[in-house]
Amino acid sequence: MELIVGNKRIVPMATRRIAGGIEAELAGEALTSVLDATFGGGVSIEVLGGDLDRCPMDVADIRMHGAATTVTFLSAAQALRMN
């Protein structure tokens with residue numbers, strides 16, 4: 001599974017499917033791209049592959065640990081239901 005952030009393809013170090021989305025372990029340029037998209041606005045994030053293929057995602061949680069960071073992405077539809 002990969003992420004599309006704007007016009008970049010991001011390959012997470014690891015992914016795990018969760019209810020309504022995925023958790024992705026990111027570091028370096030991959031993490032920077034996601035953070036810029038999340039806090040800079042105007043850039044979409046989508047999953048590429050699996051049952052969430054081309055599904056718009058919202059960042060729901062960011063957890064830092066050591067040299068990597070785990071980012072929780074929920075499908076945009078799931079994120080709306082939680083609000």
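Everything numeric in this text was worked out from a predicted model, so none of it was measured. Sequential numbering from 1 along the given sequence is applied to the chain's residues. Any value given below was found using the heavy atoms of this structure, including those in side chains, with hydrogens, waters and symmetry copies removed.
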Do [X] and [Y] belong together in a cluster built from hydrophobic side chains that touch within less than 4.5 Å?
X	Y	result
Ile45	Phe39	yes
Ile22	Val34	yes
Val43	Val47	yes

Atom pair [atom1]/[atom2] of [X] and [Y] - distance to nearest 0.5 Å:
X	Y	atom1	atom2	result
Arg17	Met1	CZ	CE	6.5 Å
Thr32	Leu26	OG1	CG	10.0 Å
Glu46	Leu52	CD	CG	11.0 Å
Thr70	Asp61	OG1	CG	9.0 Å

[Y] and [X], any side-chain heavy atoms less than 4.5 Å apart:
X	Y	value
Phe73	Leu3	yes
Ile4	Arg54	yes
Ile62	Leu35	yes
Leu31	Val71	yes
Ser75	Met57	yes
Ile10	Glu29	no

So which heavy atom on [X] is nearest to which on [Y], and how close?
X	Y	result
Ser33	Val5	O-CG1, 3.5 Å
Ala24	Thr15	CB-CG2, 4.2 Å
Glu25	Ala68	OE2-CB, 3.3 Å

Query raised in the report: Given the rule in the side-chain contact (heavy atoms from CB on, under 4.5 Å) test, do Arg63 and Thr72 qualify, once you have shown the distances and angles that lead to the verdict?
Result: CA-CA 8 Å; Arg63 292 182 311 277; Thr72 302; 3.4 Å; yes
Query raised in the report: Got more than 12 heavy atoms from elsewhere within 6.0 Å of CG, Asn7?
Result: no
